[in-house]
Amino acid sequence: MKYKEFETQILAHAVGQARLLAQSSCLEDIKIEPEQLRKNIATILSVLTETEEFLFALVNNRSDSDS
C-alpha cells in the first residue's frame with residue numbers, strides 16, 4: 001500500500017466519523033450543550049477542509065503527471 005492510498009483510507013474514515021458526529025448532533029432525544037455543538041462543528045469543518053485539501057492536491061498531482 002502506498003502512502004496516498006493509506007491517507008485516502010484515513011480520510012475516508014474521518015469523513016465517516018464526521019458524518020456520524022453531524023447526525024448525532026441532530027438527534028431529537030438528546031440535548032447537546034452549545035459548547036459541545038460548537039466543538040462538533042469545528043471538528044466536522046476541520047475534517048472537510050483536510051479532505052478538500054487532499055483532493056485538490058491529488059487532482060493537481062494527477063494533472064502534473066499527465067503533462
Side-chain angles (χ1 to χ4, degrees):
M1 174 184 295
K2 295 181 180 178
Y3 177 74
K4 285 295 179 187
E5 293 170 336
F6 176 74
E7 189 175 17
T8 301
Q9 287 184 359
I10 293 297
L11 284 173
H13 288 295
V15 169
Q17 292 295 321
R19 182 175 150 260
L20 290 173
L21 187 58
Q23 288 174 342
S24 71
S25 298
C26 296
L27 295 175
E28 295 177 7
D29 58 338
I30 63 170
K31 187 167 186 139
I32 300 177
E33 296 295 323
E35 180 61 20
Q36 184 60 51
L37 187 58
R38 186 197 66 75
K39 288 179 182 179
N40 290 359
I41 292 169
T43 300
I44 292 165
L45 287 174
S46 175
V47 168
L48 293 177
T49 300
E50 180 72 23
T51 304
E52 183 180 42
E53 290 171 359
F54 171 76
L55 292 173
F56 183 72
L58 189 64
V59 167
N60 281 342
N61 287 340
R62 291 197 188 254
S63 296
D64 292 343
S65 64
D66 290 342
S67 300

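Leu20 is not connected to Leu27 by any chain of hydrophobic side-chain contacts under 4.5 Å among Ile, Leu, Val, Met, Phe, Trp and Tyr, and they are in different clusters.
Within the 4.5 Å cutoff, side-chain heavy atoms of Ser24 are placed close to those of Leu21.
Atom CD of Glu33 has 12 or fewer neighbouring heavy atoms from other residues, nucleotides or ligands inside a 6.0 Å radius. By the neighbour-count criterion of 12 heavy atoms within 6.0 Å, atom CD of Gln23 is densely surrounded, having more than that number from other residues, nucleotides or ligands.
Atom CG of Leu48 is separated from atom CD of Glu53 by 11.5 Å, given to the nearest 0.5 angstrom. If you take CZ on Arg19 and CD on Gln17, they are separated by 10.5 Å, rounding to the nearest 0.5 Å. Here Cys26 contributes atom SG and Ile32 contributes atom CD1; the two are 8.0 Å apart, rounded to the nearest 0.5 Å. Lys4 contributes atom NZ, which lies 4.5 Å from atom CD of Glu7 (distance to the nearest 0.5 angstrom).
Think of Leu55 as one node in a network of Ile, Leu, Val, Met, Phe, Trp and Tyr side chains linked at under 4.5 Å; its network also takes in Leu11, Phe54, Leu58.
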Hey, can you pull the donor-acceptor pairs under 3.5 Å for the side chains in residues 40-47, sequence neighbours left out?
| from | atom 1 | to | atom 2 | distance (Å) |
| --- | --- | --- | --- | --- |
| Asn40 | OD1 | Gln36 | NE2 | 2.8 |
| Asn40 | ND2 | Ser25 | OG | 3.1 |
| Thr43 | OG1 | Lys39 | O | 2.9 |

